[in-house]
Amino acid sequence: MYKPIRKSFFDVPVLELAENLVGQYIVHEQTEGLLVARIVETEAYHGPEDRAAHSFSNRPTKRTEIMFGAAGSVYTYQMHTHTLMNVVAGPIGTPHAVLIRAAEPVEGFEQMKENRGNKLKMTDWTNGPGKLSKALDVTMDYYGQHWTDKPLFIAEGPETVEIMKGPRVGIGNSEEAVYYPWRFFEKDNSYVSKYRA
DNA sequence: TCGTAGATTTTCT
DNA sequence: GAAAATCTACGAC
C-alpha cells in the first residue's frame, strides 16, 4: 500500500529536492483504481535568480503565486494544450519549484493506456511533462493542493537509483540559465525524455 | 530515424 | 496581440 511521504521531505533546498524526487512514486487514487508512476526526471527552477523560471523578477501573479507558497504544494501549469506538474520548494516567500518531467509507469497500466491512446508505445506514455500529466489524469484541479494530500500524493520509492544531472530542456532563450545543470534524471532509464544536451 | 513547423489555450503586456 | 517549463504530424534521408 502506498502512503504519502513525510512532510519534512520537502523541507530542503530546491536543488536537493529535485535530486531526491527522482526514484519516488507519484500516486493518483481514482475510483477506477490506482495510478502509480516512479519519477525518473526532474528540473529545478530557482525563482528570482533563474531567468527560465516563471517567477524571475516578477511579483506573484495568478499563475505563479503558488510558487511563493509552502514547500510541497502542487503547482500545475498549462502550456498550450498540456498540463505540467511541479513541486513547490523553499520556505514561504521564495518562488522555487521542481518540474516533474518524466516517470515510469508502475501501476494502472490499462488506465494510462486509455488516457494516452491505445496505439502508442509504452515508453511514449509518460516520457515528457505534458504526456505524464495526461497519463496520470492530472489537471489544473490540483493547483494549490499539497503533495501529501490524497488523491494525488508522493510516496517513498523502495529503491535507491543512480542519478545523473545535466542542462535543462525546453526553456529557449533564457541566456546563461539554459546551461545550469539543474536537470536530474535516472541513469539508463528509457522513460527519460529523449532530449539530450 | 531525424529535424522542423503547426497546433491551441491561458496568461500577461 | 504575443509568448509559453510542449506534443504531434509529416516530409526528407
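Side-chain atoms are counted along with the backbone in the values below, which use heavy atoms only and exclude waters and symmetry mates. Throughout, a chain's letter reflects where its sequence line sits, starting with A, and its residues are numbered from 1.
- Here the straight-line distance linking atom CZ of A:Phe10 with atom CG of A:Leu17 works out to 7.0 Å at 0.5 Å rounding.
- Between A:His54 and A:Tyr77, the ring planes are tilted. Angles from 30° to 60° get that label.
- Between the CZ atom of A:Arg183 and the C1' atom of C:dA5 there is a distance of 12 Å, rounded to whole Å.
- Distance NZ (A:Lys134) to C1' (B:dT8): 13 Å, rounded to an integer number of Å.
- Checking the phosphate oxygens (OP1, OP2) of B:dT9, no side-chain nitrogen or oxygen of A:Thr81 falls inside 4.0 Å.
- One can place CE of A:Met79 at 9 Å from P of C:dC7, the figure rounded to the nearest angstrom.
- In terms of phosphate contacts, A:Arg116 brings no side-chain nitrogen or oxygen within less than 4.0 Å of OP1 or OP2 of C:dC7.
- B:dG6 sits 16 Å from C:dA2 when the P atoms are compared, rounded to a whole Å.
- Per the geometry, CD belonging to A:Gln78 stands 14 Å off C1' belonging to C:dA5, to the nearest Å.
- Using a 4.5 Å heavy-atom threshold, the side chains of A:Arg183 and A:Val169 count as touching.
- Among C:dT6, C:dT8, B:dC12, the nucleotide with an atom closest to any side-chain atom of A:Pro129 is C:dT6.
- Nucleotide C:dC7 holds its P atom 12 Å from the CG atom of A:Leu120, rounded to whole Å.
- Take the nearest nucleotide of DNA chain B for A:Met140 and for A:His82: the residue whose nucleotide is more 5' is A:His82.
- In this structure, the CZ atom of A:Arg63 is 7 Å from the P atom of C:dA5, given to the nearest Å.
- The distance between atom CG of A:Leu84 and atom C1' of C:dC7, rounded to the nearest whole Å, is 11 Å.
- Residue A:Arg168 places no side-chain N or O under 4.0 Å from the OP1 or OP2 atom of C:dT6.
- Between A:Tyr142 and A:His28, the distance separating the two ring centers is shorter than 6.0 angstrom.
- Aromatic stacking is not marked for A:Tyr77 over C:dA5, as the cut-offs of 5.5 Å for the centres and 30° for the planes do not both hold.
- Judged purely by atom type and a 3.5 angstrom limit, A:Glu19 has no side-chain atom pairing as donor or acceptor with the backbone of A:Leu15.
- Look at C:dA5: it lacks any Watson-Crick or wobble partner with both distances under 3.5 angstrom.
- Put simply, A:His80 rests on the base of C:dT6: the two rings are less than 5.5 Å apart at their centres and nearly parallel, under 30°.
- Between the C1' atom of C:dT6 and the CD atom of A:Glu43 lies a distance of 12 Å, rounded to the nearest Å.
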